Amino acid sequence: MRIDVVSIFPEYLAPLELSLIGKARQDGLLELNVHDLRTFTTDKHRTVDDTPYGGGAGMVMKPEPWAQALESVAGVREGTKPVLIVPSPAGERFTQALAYELAEEEQLVFACGRYEGIDERVIDWAQEHFTVRPVSLGDYVLNGGEVAVLAMVEAIGRLLPGVVGNPESLVEESHSDGLLEYPVYTKPSSWRDHEVPPVLLSGNHGKIAQWRRHEQFRRTAERRPDLLDNFDAGQLSRADRNAL
Ligand code: ADE
């Protein structure tokens with residue numbers, strides 16, 4: 001996969017050189033380029049923003065530097081229309097399902113807005129060259145798209161083949177099956193008067209699997225009952241229902 005990120009703060013994306021994603025880049029599993037929006041301006045002051053039409057607080061990002069930047073990264077592979085992700089609190093919600101969907105793409109472009117946002121005409125114009133998807137990390141407001149891009153690239157990048165050493169670990173994690181993950185423990189079995197649940201020491205794999213499933217439902221019901229709306233009652237085993 002190839003990822004291009006356009007930002008006025010390219011240094012913000014430096015953590016993508018670290019850890020699993022950094023290693024994936026070194027290993028050639030992921031090609032990631034960060035572009036400074038200001039290099040696509042033409043004036044002496046390298047201006048990227050201006051006052052909003054209609055008045056109001058704050059500044060709006062000017063359209064032309066964005067068009068120049070996006071044209072330079074679009075259609076890197078002839079005949080393809082890359083997905084352009086515009087992080088925004090006004091976008092569709094980023095979920096594990098969307099991470100899986102985006103991990104199938106050949107090229108992703110991220111446009112990090114700042115200030116009050118990007119002139120809306122950029123979004124309209126970009127539809128000719130990209131599949132445009134405004135995406136929100138959650139119902140809160142960040143200062144710009146960069147932190148959202150760090151989260152999204154990490155969530156997508158770890159799903160690419162070969163990035164996570166043991167692909168089994170992607171199967172039993174929160175949200176992979178629509179539920180939160182079960183609690184985990186390691187040695188020692190007794191620690192500061194807190195014990196590991198005895199079933200995990202039993203060696204009975206059937207019972208352990210049953211206990212873990214039960215804990216997934218119990219946790220989800222307690223912390224994220226909204227997720228259980230996606231399960232229809234007919235899908236649940238008796239053991240699942242008992243956990244609720
Ligand atoms: N930019 C500002 N707030 C954001 C959010 N919640 N998600 C994605 N991008 C953002």
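Residue indices begin at 1 and follow the sequence shown. For clarity, every value in this text was computed on a predicted model and none was experimentally measured. In each ligand, atom 1 is the first atom listed, and ligand 1 is the first ligand listed.
Closest approach of Met61 to Cys112, counting heavy atoms only: SD-O, 4.4 Å. Between Arg93 and Asp139 the shortest heavy-atom distance is NH2-OD2, 3.2 Å. Closest non-hydrogen pair, Tyr185 versus Val196, comes out as CB-CG2, 3.9 Å. Counting all heavy atoms, side chain and backbone alike, Val171 lies closest to Ser176 at O-OG, 2.6 Å.
For a threshold of 3.5 Å applied to N or O pairs, the pair formed by Asn143 and ligand 1 contains no separation below that value. Residue Gly145 places no N or O, backbone or side chain, under 3.5 Å from any N or O of ligand 1.
At most 12 heavy atoms of other shown residues, nucleotides or ligands fall within 6.0 angstrom of atom OH in Tyr12. Other residues, nucleotides and ligands place no more than 12 heavy atoms under 6.0 Å from the CG atom of Asn143. Other residues, nucleotides and ligands place more than 12 heavy atoms under 6.0 Å from the OH atom of Tyr140.
Close to ligand 1: Gly144, with a non-hydrogen atom less than 4.0 angstrom away. Within the 4.0 Å heavy-atom cutoff, Val147 does not count among the residues contacting ligand 1.
Atom 3 (N) of ligand 1 has as its closest protein heavy atom Leu142 N, 2.9 Å. Of all protein heavy atoms, the one lying nearest to atom 6 (N) of ligand 1 is Tyr140 O, 2.7 Å. Counting protein heavy atoms only, atom 9 (N) of ligand 1 is closest to Ser88 N, 3.1 Å.
Under a 4.0 Å criterion applied to the non-hydrogen atoms of Pro87, ligand 1 contributes the atoms 8 (C), 9 (N). Atoms of ligand 1 lying under 4.0 Å from at least one heavy atom of Val135, given by number and element, are 8 (C). Each of the atoms 6 (N), 7 (N), 8 (C) of ligand 1 lies under 4.0 Å from some heavy atom of Ser136. Atoms of ligand 1 found under 4.0 Å from any heavy atom of Leu137, numbered from 1 in the order shown, are 5 (C), 7 (N), 8 (C). Per-residue contacts place Ala148 under 4.0 angstrom from the following atoms of ligand 1 (heavy atoms of the residue considered): 8 (C), 9 (N).
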Worksheet item: Between Arg158 and Glu154, does a salt bridge (Lys or Arg N to Asp or Glu O under 4.0 Å) hold up when you go through it step by step?
Response: CA-CA 6 Å; Arg158 63 195 292 282; Glu154 182 156 316; 6.0 Å; no
